[in-house]
Amino acid sequence: MTMHDTFLLPLTDAVQLITPEGRRVASPAFDPWVADVTDAELLQMYDDMVIVRRIDAEATALQRQGQLGLWPPLLGQEAAQIASARALATHDFVFTSYREHGVGYVRGVTPAQVTPVWRGVAASGWNPYDVGMAAPQVIIGAQTLHAVGYALGIQNDGADAVAVAYFGDGATSEGDVNEAMVFAASFDAPVVFFCQNNQWAISEPVSLQARRAIAERAPGFGIPSLRVDGNDVLAVTAATRIALDRARSGGGPTFIEAVTYRMGPHTTADDPTRYRLDGELAEWRAKDPIARLETLLTDAGALDDDHRTAVKAKADAAAAELRAACIALRDPEPMSMFDNVYAEPNSMIDREREASRRYLAMFEGVEA
Amino acid sequence: MTMHDTFLLPLTDAVQLITPEGRRVASPAFDPWVADVTDAELLQMYDDMVIVRRIDAEATALQRQGQLGLWPPLLGQEAAQIASARALATHDFVFTSYREHGVGYVRGVTPAQVTPVWRGVAASGWNPYDVGMAAPQVIIGAQTLHAVGYALGIQNDGADAVAVAYFGDGATSEGDVNEAMVFAASFDAPVVFFCQNNQWAISEPVSLQARRAIAERAPGFGIPSLRVDGNDVLAVTAATRIALDRARSGGGPTFIEAVTYRMGPHTTADDPTRYRLDGELAEWRAKDPIARLETLLTDAGALDDDHRTAVKAKADAAAAELRAACIALRDPEPMSMFDNVYAEPNSMIDREREASRRYLAMFEGVEA
Amino acid sequence: MTTLEMPVATETLTLGKAINAGLRQALADDDKVMLLGEDIGTLGGVYRITDGLQRDFGARRVLDTPLAEAGILGTAVGLAYRGYRPVCEIQFDGFIYPAFDQIVAQVAKLHYRTQGAVRMPITVRVPFGGGIGAAEHHSESPEAYFTHTSGLRVVAVSNPQDAYTMVRQAIASDDPVLFFEPKRRYHVKGEVVLGGSLSDATPMGSARVVRPGTDVTLVVHGALVQTAVDAARAAEADGTSIEVIDLRSLSPIDYDPIVASVRKTGRLVVAHEAPGQGGIGAEICASITERCFGALRHSPVRVTGHDIPYPPSKLEKHHLPDLDRILDGVDRVLDRPNSLSGGPLA
Amino acid sequence: MTTLEMPVATETLTLGKAINAGLRQALADDDKVMLLGEDIGTLGGVYRITDGLQRDFGARRVLDTPLAEAGILGTAVGLAYRGYRPVCEIQFDGFIYPAFDQIVAQVAKLHYRTQGAVRMPITVRVPFGGGIGAAEHHSESPEAYFTHTSGLRVVAVSNPQDAYTMVRQAIASDDPVLFFEPKRRYHVKGEVVLGGSLSDATPMGSARVVRPGTDVTLVVHGALVQTAVDAARAAEADGTSIEVIDLRSLSPIDYDPIVASVRKTGRLVVAHEAPGQGGIGAEICASITERCFGALRHSPVRVTGHDIPYPPSKLEKHHLPDLDRILDGVDRVLDRPNSLSGGPLA
Ligand SMILES: Cc1ncc(C[n+]2csc(CCOP(=O)(O)OP(=O)(O)O)c2C)c(N)n1
Ligand SMILES: Cc1ncc(C[n+]2csc(CCOP(=O)(O)OP(=O)(O)O)c2C)c(N)n1
Ligand SMILES: [Mg+2]
Ligand SMILES: [Mg+2]
């Protein structure tokens, strides 16, 4: 019967190059893509992950202390973010949702640029062109289309850059994400779809969004896909490099599912105990992305207590920088709310601005 | 490499049980599903197709004569529509787009109920509950979600009905259609997605919408799919029966791609010579759905010139009925435009209605 | 719609809990009522408005849906075709736009399209408005998009009793209803008479004078009702008597009490959080001017959110109409010294 | 934006061909301009507005996209991020809603969200309005949804010259522009001065008095401009002098000429095809009342499409404002016998 209900490659486990126990395992397909990764580079990723986790914890604390309005922790997703972002070139361009603090960190977003959004002083903390990363996207999935459009621009420019869209498992249900795959496939756009399947969309398990592994969706659109252990920096590196290479060489889009887990709440406003399954957190703690790399590097003699101490100090410093920058943030000037609504002069805004100026002046006792 | 870029079953040709030359070919997977189809039933489908094609031609003519505002011909898609609709039960419910005159014919839409929409006297020519078929849908793809919702209702009711969504190849690019697949899969909804891939979405070839066979999309959503020759009534019957059977037995959604061809313009407003490829029309004329069934039945001794004459007379009568009903349609009363905006009393509409009544009364010289 | 005699009880409930109670009642009254939305089941919604309902009515009637708003509304249309009364939750105001096509081209039109054959008794619950220090897209007031859409009814509640009663009315209505919930007032408590037959309740379409007054008519809805009442209290101290009208229904608008009030006061102020341009304030000012031109002693005044995207939350206090801005509007309509006294704006 | 001195030529063109010429000029002026849409390439669009452009500028710059409106707009956002100036065609007014989220939550907000770092010079071309006997969803006037959306500019053209010039201006604008084309007037011809520098042209944001008058101010846009002019001509025969103003820009609205006119006439009629409730007529009536209260001799009058879904085409003549309905509105504002003279509506 011509029932196309199964795939050539049964997707059992995601590709893994570092086991949760910190052992390197072979993968004939992936190994060549990471053969050149040195211990120093792995150590760099380790450092990044430790620092980002520390920043993440600090931001959570700042929220608890009322310094931030909200924070969406990345706890548990460090490998997926750091390793994929490290694989990118500076001139690539990234479109993320709200949880990609690790990606931002690698792209060069400073701790001080992270908090404005979550404190409510600005809708974007950085200039996208400074770091090759768009403003964070709150509308689930919308950014995937932006990445495809950007990729079309790259293609028209004849550039060898790649656009990368980061999004979650829940996002795959949105029409936008599926349209993005249609457009990307149709135009062979140099784009990478990087899905962090962290098992949950707030309280909804991934099984509600997809009855198959997320990675199985893309091939039907004509987009090859890869499914990797998202808590494994090497597997993520390999997959991202494969995808980037395809894009740069005119091969078009690739879809990556990084299987990971959100170890914290959805945001600081969420209470995951209401929906998590028993033992789930413990199970995933055992697959911690940082711990396994730490073991691997320690066993390889590439990581010792001195380094651990040094990186902890760096992480604390980054956290302190984040905190200081956050607390130093002043509320924006009221009148700034009228800035940048339009790029060009606009009589409606001019009038609104003038009315507000006069209104505020009343309170200052200033002559309007 | 874990590149899920190929499928278990390479989709070369769509399943075919009757060749364009009118020969019955065997298909071990599909044959059991049509083993019970008698020559009389095939003849019935032949009759339907001849009649529907005749009605379609008449409607086109009515448009050319200014009696209809527009007409979207189904020419060439008769087998896909008639055979699939004939496989349905009365209590199933169908959601179509605008071109499914054949489906409507089988569901019991009378010739007189077809023209009001296209003449511009009503947005729907029939009561959906009378025929188990929703009002025609113009917004591409929107009805696929309606079918899924209806199917959820069936499921909640514990009924054994099935909801069927008809849509085109172009529609598969819309977010709605993809969301429909997500929802259907997630809830195991008793729904059949019936895509008539007629090769074109107005001037856009199917290759712009999908880089793979359309049927390859659904499996990634967890929905088994079937790809059949849409000009072959038997293959379409088999596929639809398989899908309905899955739905009725709790197996959830199935996706059918019926590979067919729109032999006419997109609508009477379209000029397909601007985009069709050379020889394309001739190639598909050779695969005409009616001709091949006619040969098969003639060869089987089930169809003779008497029958041909009789069905032609029936078809002409149906066309005459359509024409007479169309021409007899009176413009609706102006005040009827305020009816059914709301189901319940509404002060805004009441006021509008009263204002219009007074306005129109001025012209009638009637005391307002 | 049920005609059973309901037992009546009075409880003190938050506005959020009152909606929960109304949904519970509706689910109990009519087994065609179904709830659909993101995170409304196990979690009970991010605001816990549907708390406990999946547990008590089952996962077939209280459905966690995949993350897709067009999907939610499109599915609801199909359910309505099948005779159900779907109640959709849109998690936040700013997430309704992916469902816009299904709402304006399908939900709003299907009864009309089918000449009355198919009903769309769909309720779309939307927590709306600002003032909660939230991230982008979590503080919007999109109601005017829907009041401009013929075929929809639009309501906004402001207190626990209305929240309870009107959500039941919205669900019982054979027309689609956009049901706006003032999220920053979910936690405000009030006495709620539970149960009771809907036919005894104030109709969902009627506005209500929440505070009588003689000098100025102040029209508001949702969270601003309380702000308006506070403003009226403050103005009273100055000897200004403000009549506050809670619109409750935004489409259709119940003009009778507004007209009656303006004929008395000759002065109208309309306040809402949405941007002014094309907001419902424009409609009300235009309509009242049409109906009461002779009675108006000053042009109607609008006090609204600015014509800007919703700003970062630290700026929202300058964006949203508050007591002071409303009183400034009152001063304008009374020709008293006000922020614009300095001369006409360019 | 180009600053080249353009050669100037005059041709008689239909409105549709004038847009084609404007697009052609924009594509020639700036290689960052790209056209995206359904059927705009080989076919040249269902109205042939993009006819020949793919042939002449190639399939990389004039793109037939997959059939998905959110996809078109979302892709345009990404192109804008990359420095392009995408011009999207929405095939018909009623098909813009699937793209609504991308337009209101992305296109409109990204410049604001990024504090000016990212520009969204996106033009969205929308053939709009009724009167062509079309099927459902092909005759709508959705402009008010966008004028209520801060961050967007909205324009509507009414004649070949404006169509040519304003499409170039829209594309050259660093802000996103919803560009409404009166489809039933695509075939109307006029003299068009081609070429020329945009800086010499009337700004896109300004309204225009198309026919001076002294008794009544009549504000219109798009296809109704011609109807309004016809009405003014007919009224002249009766000795009534109507000043017709073509809004051209719907957001922002250029109030100066309207205010000047109303100060002179004391009477305002606004007509549009969209339903009245929440339409731009409400905004204009409210704003003009705010600005000219003392000068008004009658409440502003709206003549609009009814508050119904767009009806079957055989009824559209009763739905759309036509010459007679506009003149009835003029009679109302002049306190002459009119359709509502019988007494106030309920
Ligand atoms: C269009 C839209 N709908 C709903 C929401 C509310 N919401 C915010 S995050 C979220 C879950 C997202 O899940 P996923 O895509 O898996 O990303 P994750 O949060 O797990 O990183 C939801 C429903 C939203 N932001 N946007
Ligand atoms: C949302 C939306 N966008 C655009 C259109 C305009 N349109 C009408 S039919 C059509 C092509 C549809 O192609 P397909 O889905 O293959 O169906 P077919 O016409 O071939 O039967 C388009 C683009 C529409 N009706 N709705
Ligand atoms: Mg997730
Ligand atoms: Mg097609």
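A note on names: the letters A, B, ... follow the listed sequences, proteins ahead of strands, and every chain is numbered from 1. Side-chain atoms are counted along with the backbone in the values below, which use heavy atoms only and exclude waters and symmetry mates.
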Which one of [options] has the most heavy-atom pairs closer than 4.5 Å to chain D?
options                : value
B:Y275, B:Y98, B:F338  : B:F338
B:T172, B:D271, B:I139 : B:I139
B:L70, B:D176, B:V138  : B:V138

Worksheet item: Of the backbone (N, CA, C, O) and the side chain (C-beta and beyond), which part of B:A142 lies under 4.5 Å from a heavy atom of chain D, both, or neither?
Response: neither
Fill in: Residue part contacting chain D, namely of B:I140, when any heavy atom lies under 4.5 Å
side chain
Item to complete: Output yes when D:D51 and B:R274 qualify as a salt bridge under the 4.0 Å nitrogen-oxygen rule, no when they do not.
Response: yes
On a heavy-atom basis, which atom in [X] and which in [Y] lie closest, and how many Å separate them?
X      : Y      : result
B:A123 : D:E136 : CB-OE1, 4.1 Å
D:P98  : B:E174 : CB-OE1, 4.4 Å
D:L315 : B:P334 : CD2-CA, 3.7 Å

Note, [X] side chain near [Y] side chain (heavy atom, < 4.5 Å):
X      : Y      : answer
D:E316 : B:M337 : no
B:M362 : D:N338 : no
B:V121 : D:P312 : no
D:D324 : B:F363 : yes

Within the side chain of [X], is there an N or O that forms a donor-acceptor pair under 3.5 Å with the backbone of [Y]?
X      : Y      : answer
B:D331 : D:K314 : no
D:R325 : B:Y359 : no
B:Q209 : D:L67  : yes

Contact leader toward chain B among [options], where contacts are heavy-atom pairs under 4.5 Å:
options                      : result
D:K317, D:H138, D:E38        : D:E38
D:T42, D:T65, D:L340         : D:T65
D:G44, D:P337, D:A70, D:G343 : D:G343

Given that the side chain runs from C-beta out, which part of [X] has a heavy atom under 4.5 Å from chain B: side chain, backbone, both or neither?
X      : result
D:H306 : both
D:H319 : both
D:D64  : both
D:P344 : backbone

Practice prompt. Tell me the residues of residues 348-356 of chain B whose non-hydrogen atoms fall below 4.5 Å from those of chain D, in number order.
Written response: B:M348, B:I349, B:R351, B:E352, B:E354, B:A355, B:S356
Item to complete: Look up atom CD1 in D:I308 and atom OH in B:Y342, then write down how far apart they are to the nearest 0.5 Å.
Response: 11.0 Å
Practice prompt. Show your reasoning for whether side chain to side chain contact (heavy atoms under 4.5 Å, CB included) applies to B:R358 and D:L345.
Written response: CA-CA 10 Å; B:R358 293 198 202 169; D:L345 290 166; 3.8 Å; yes
